[in-house]
Each structure stands twice: as structure tokens, then as C-alpha cells.
Amino acid sequence: MAHSSPEGRNPTGSAPAFTLVKKIIAGYLLIVLFSLISIGYALTSLHRQTTQSEQLVAVDFKALTLLRSLRQTLLAQENLTRQYVILKDQTFSELLNRRHQEFDQQWLELVPLLDLAEDQNLQQQVHSYQTEAERCQQLLSAARWQEAEACAQKCDPLRKQLQEEVSALFTRQDEGINRQLSRLTANSRQAYKITWLLVALGIIFSAPAVSALVFSISR
């Protein structure tokens, strides 16, 4: 009669129990791992989108606002100059001078935002307009009305050309902002889906260990 070894053939020995424990530990480690990956990915995506949003506000939206202000300033300069020439009223001098200062300041703020320093053609247009507008302002202040009127007529096409350039820049900037907002929305949706996919994968890969635990408890 064969003698059975209680250590080698015991179905409830340490080896199967240890295997089950390892499965359970591995399952929970998978859950923790995928959870950490999901959190890390979500935080990274959130940081990237926050940075892009801050860039939009600090640069793109600010540039759009400045371009809108430039258009309004150019239009105001045109109206004030015409009234000044027609009415020959020196009270318009301070108003017109203030508008010229606004234009100069707005342009200085806009150039670094849109990297316009490299656009030599646009820089030359602005310089030509500023020079001619300043000359007209001096003639008006000196009450040299005929010369001022001639100067204003010469300045008009320069202003209109600049208005067209600013309007074109405004349109491109507005379209660029819309594209960036669309990308931000798409990236947010993608990050949301990937985060939940990672969580689901962690649950799926840990399912065998959880099932083994439930099965062992039920026995």
C-alpha cells in the first residue's frame, strides 16, 4: 500500500495558495499602475491645455483686441482730420494728437505679439503714414490750412492702405484663434477618451485576479 505524502499532495498546500496570492497582488498592482498612468496623462493634458489657453489670452486675444483698436483709431484719425480741415477749429488739435499717440502705442504693443518686426513692407507703410500724419498735424497746429488740406489728401491713401492691412491681419488673427479653439476642444475630448480607456484597461487586466479571489472566497 502506497504511503501518501501530506506535503507533496495536499491540494490545500502552500504553492496554490501562493499562486493565488500572487495573482491577486498582480491584479491590484495593475489597477494601481493604470490608475497612476491615467492620472498622469490627465494632469499632463490639463497642463498642456492650460498653457495653450494662457497663450491664447496673453498673446492671441490681446493681439486681436489691439488690431480692433488700431482700426478704430485710424478711422477716428480720418474723421478728426477732416473736421479739423473743414472747420479750422484748433480745439481738434489735442484730440487728433491724442489719437496719434494712441496709434503709436498700440502699434508698439502689437509688433512683438505678432512678430511684425520682420515684415519690412508693413513696417514701411506704418512709418510712412506716421511721418505724413505728423507733418499734417504740425501744419494744422500752425493754422496753415491750405498746406494742411493738401497734406491730408496725400495722407488719405496711406491711411486707407494701412487700414486694409490691419483689417487683413485682424481677419487672419480671428481665424487663427478659431482654429486653436477647435484644436483645444478636440484635444480635450481625446484626453477624456484616452483617460477612460486607460482606466478600463486596468480593470480588464485585473479582472482575472479579482475573479480568482472571488472564486477562492466562494469555495
Which residue pairs pass the side-chain hydrogen bond (donor to acceptor under 3.5 Å, both in side chains) test with at least one member in residues 108-119, sequence neighbours excluded?
Gln105-Glu109

Any ion pair linking Lys160 and Glu164 (charged N to carboxylate O, less than 4.0 Å)?
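No salt bridge links Glu164 with Lys160.
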
Glu175/Arg172 ion pair, N-O < 4.0 Å
no

What pairs of residues pass the disulfide (SG to SG under 2.5 Å) test when at least one of them lies in residues 52-124, not counting sequence neighbours?
none

State, without any angle test, whether Tyr129 and Glu134 hold a side-chain donor-acceptor pair at a distance under 3.5 Å.
no

Can you find a side-chain donor-acceptor pair between Gln90 and Tyr84 that sits under 3.5 Å?
yes

Residues two or more places apart in sequence or in another chain: which of them pass salt bridge (Lys or Arg N to Asp or Glu O under 4.0 Å) with Glu147?
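For Glu147, the residues satisfying salt bridge (Lys or Arg N to Asp or Glu O under 4.0 Å) (neighbours in sequence not counted) are Arg144.
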
Could you tell me which residues satisfy salt bridge (Lys or Arg N to Asp or Glu O under 4.0 Å) with Arg135, sequence neighbours excluded, listed by chain and number?
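Arg135 satisfies salt bridge (Lys or Arg N to Asp or Glu O under 4.0 Å) with Glu132 only.
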
Non-neighbouring partners of Phe170 that pass ring-ring contact (aromatic ring centres under 6.0 Å, His included), sequence neighbours left out
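ring-ring contact (aromatic ring centres under 6.0 Å, His included) list for Phe170, sorted by chain: empty.
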
Main-chain N/O of Ser93 paired to Gln137 side chain as donor or acceptor, under 3.5 Å
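Such a contact is found between Gln137 side chain and Ser93 backbone.
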
Would you say Lys154 has more than 12 foreign heavy atoms packed within less than 6.0 Å of its NZ?
no

Cluster companions of Val32 among Ile, Leu, Val, Met, Phe, Trp, Tyr (side-chain spacing under 4.5 Å):
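Same cluster as Val32: Leu36.
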
